[in-house]
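Every number for a ligand or one of its atoms is a count from 1 in the order of the listing. All values below come from the heavy atoms of this structure, side chains included, with hydrogens, waters and symmetry mates left out. Treat the numbers as computed from the prediction; the structure is a model and nothing was measured.
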Amino acid sequence: MANLRLMITLITVLVYLLPSFAKSSESTKVITLPKSLNLTLLTDPSTISTASHDYGNVTTVTPGGVLCPSSSAEIFRLLRYAANGETIFQVAARSQGHSLNGQASVSGGVVINMTCLADITVSEDKEYADVAGGTLWVDVLRETAEQGVSPVSWTDYLHISVGGTLSNAGIGGQMFRNGPQISNVLELDVITGKGETLACSPQLNPELFYGVLGGLGQFGIISRARIVLNHAPKRAKWFKMLYSDFTAFTKDQESLISMNNDTGVDYVEGQLLMSNGIVDTSFFPPSDQSKVADLVKNHSIIYVLEVAKYYDDPTVPTTVQVIDKLTKTLSYLSGFISMHDVSYFDFLNRVQVEEDKLRSLALWEVPHPWLNLYVPKTQILDFHNGVVKDILLKQNSTSGVALFYPTNRNKWDNRMSAMIPDEDIFYVVGLLQSASSQNVQEVESVNEAIIRFCKDSGIKIKQYLMHFTRKEDWVEHFGSKWGAFSKRKDLFDPKKLLSPGQDIF
Ligand code: FAD
């Protein structure tokens with residue numbers, strides 16, 4: 001996400017070409033709601049067009065109408081009617097539509113524009129915030145930080161919604177310590193596919209609570225989430241260090257994610273810089289940038305360790321000690337370290353800067369054939385050799401950013417719907433490629449080759465933000481949880497009304 005120049009270079013030539021959408025569904029269905037429901041469905045071409053597309057830019061799925069609810073009661077009325085009324089139509093919650101393959105739309109059905117429901121209330125004791133499902137994380141950050149508190153787990157990008165990330169997992173560089181966003185929710189209000197509004201938590205309606213977290217929108221619409229808060233630090237010391245040796249890189253990453261709060265850092269991620277892509281050196285001072293570029297050219301792959309230590313007062317001994325240790329004991333290439341001292345808000349909102357630049361160049365709304373994988377730690381070297389070296393590095397060019405960092409399984413709760421590998425430590429690998437209408441299929445074929453390689457070599461990956469079109473792939477994805485997942489569907493959405501764009505049922 002951060003490698004702006006890489007993305008720009010590879011797609012500039014193609015920007016004037018409109019994407020040709022690989023999958024499409026045109027809707028002719030007109031949904032007429034009874035007047036007594038007192039709901040207004042928007043059907044104007046501009047609203048329908050927005051709701052038909054998403055960030056992936058490879059699908060067109062056209063709904064019959066869009067509801068912009070003024071309260072959760074409107075969602076309740078719509079779902080109760082859909083569940084019990086004479087006219088059957090499906091329903092998809094859509095927040096920012098930052099999905100990749102039409103997951104937030106519904107052919108011929110009703111899209112609920114969740115961004116119409118955005119609201120944040122911080123509790124008096126500041127231990128949690130009650131947040132409406134369509135609220136953007138960046139607004140949660142603004143509102144809570146103003147009151148000196150903050151959620152503890154973040155995605156890299158904050159212009160995505162609370163309901164949208166809780167339906168997936170909400171992953172990022174803080175989760176090694178605090179777990180993903182789904183691990184930091186105390187309770188939810190959910191409107192189910194049966195048209196019931198239910199509060200749920202680990203104690204109250206636990207089946208619904210755990211089902212919805214990572215549940216891909218299958219069981220109900222999250223209208224409110226109670227999010228855990230903690231102290232909001234004032235600033236962050238944000239480091240990037242370069243490695244040419246994969247084993248040294250992963251050893252340091254794994255050591256960092258095993259440290260506790262006082263002795264460790266607060267955020268750990270990593271990226272790959274490859275010689276067949278354009279290397280973004282902008283984090284380094286101008287005097288070092290050509291050295292970084294040469295390093296990548298000479299080694300073919302350079303590994304970037306990215307960490308942050310939050311602080312309020314830079315003179316507090318623990319902050320000083322952690323940073324001292326970081327710079328002295330890690331095995332990065334001597335001299336290849338750069339530090340930025342930024343506000344907590346700017347650190348968390350760092351991807352926004354890239355988005356603004358890309359938007360100003362009309363390079364944001366291009367096809368994004370992303371592949372997000374979790375890879376077990378014991379197989380990460382095989383993955384690196386087989387995928388990074390033998391597949392990615394052998395392409396004529398790569399585009400976008402490749403994220404690569406480990407995290408801890410013990411911060412996840414197996415009762416939730418989200419799926420992860422069955423090992424204590426696993427890696428997040430995000431191959432976040434940008435494409436054009438001309439090469440999107442080529443990139444998709446590379447993604448398929450990666451998945452095939454993992455299958456053939458027994459690397460037990462799990463996909464994140466995935467889109468399968470075959471039932472057997474979903475069954476394999478959920479593994480031993482498939483039975484529970486299907487039962488929850490029967491229980492909370494027996495008519496299979498919700499989020500059909502996920503293509504599960
Ligand atoms: P949508 O795309 O609108 O919806 C996603 C799914 O959830 C759909 O199936 C929809 O029907 C359902 N849904 C939406 N709202 C609700 C609700 N209130 N209740 C029930 N179901 C609902 N993800 C990470 O985890 N970590 C990252 O660091 C990260 N970085 C990203 C960076 C960029 C630039 C982009 C575009 C995406 C990134 N994502 C990341 C992915 C993001 O989590 C997903 O796109 C996710 O779908 C949230 O986007 P959204 O809020 O627009 O939801």
Between K496 and D490, is a side-chain contact (heavy atoms from CB on, under 4.5 Å) present by the stated rule, with each step listed? CA-CA 8 Å; K496 320 246 182 303; D490 292 341; 3.3 Å; yes

Please say whether [X] places an N or O atom under 3.5 Å from an N or O atom belonging to ligand 1.
X    : value
W370 : no
I222 : yes
Q103 : yes
N168 : yes
A169 : no
G133 : no

Side-chain heavy-atom pair V304, F283 within 4.5 angstrom cut-off: no

F345 side chain reached by V138 side chain, heavy atoms, under 4.5 Å: yes

Tell me whether R350 forms a cation-pi arrangement with F347, defined as NZ or CZ under 6.0 Å from the six-membered ring centre and within 45 degrees of its axis. yes

As an exercise, identify every atom of ligand 1 less than 4.0 angstrom from a heavy atom of [X].
X    : value
G97  : 1 (P), 2 (O), 3 (O), 52 (O)
S99  : 1 (P), 2 (O), 4 (O), 5 (C), 45 (O), 47 (O)
G217 : 21 (N)
G170 : 25 (O)
I171 : 24 (C), 25 (O), 26 (N), 27 (C), 28 (O)
S167 : 7 (O), 13 (N), 20 (C), 21 (N), 22 (C)
G220 : 20 (C)
M114 : 18 (N)

Looking at E207 and R488, is any side-chain nitrogen of the basic one under 4.0 Å from a carboxylate oxygen of the acidic one? yes

Check this for me, if you would: do D424 and K377 make a salt bridge, where the nitrogen-to-carboxylate-oxygen distance has to be below 4.0 angstrom? no

Apply the ring-ring contact (aromatic ring centres under 6.0 Å, His included) test between W474 and each candidate in F468, F505, W482; give the one that qualifies. F468

[X], portion touching ligand 1 at heavy-atom distance under 4.0 Å:
X    : value
V351 : neither
H98  : both
W154 : neither
Q502 : side chain
S95  : both
S161 : both

Taking the six-membered ring for Trp, is the centroid-to-centroid distance between Y344 and Y310 below 6.0 Å? yes

Kindly say whether the aromatic ring centers of H384 and F249 come within a distance under 6.0 Å. no

A student comparing V401, L216, T155 should find that the heavy atom closest to atom 27 (C) of ligand 1 comes from T155

Does K460 have more than 12 heavy atoms from other residues, nucleotides or ligands lying within 6.0 Å of its NZ? no

Salt bridge (charged side-chain N to carboxylate O under 4.0 Å, His left out) assessment of D139 paired with R142: CA-CA 5 Å; D139 294 326; R142 255 191 221 109; 2.8 Å; yes

Taking all non-hydrogen atoms of both residues, which atom of N372 and which atom of G430 are closest, and how far apart? OD1-CA, 3.6 Å

Under 4.0 Å, counting heavy atoms only: does G501 come that close to any atom of ligand 1? no

Once you measure the plane-to-plane angle for W238 and H340, does it fall in the parallel (<30°), tilted (30-60°) or perpendicular (>60°) bin? perpendicular

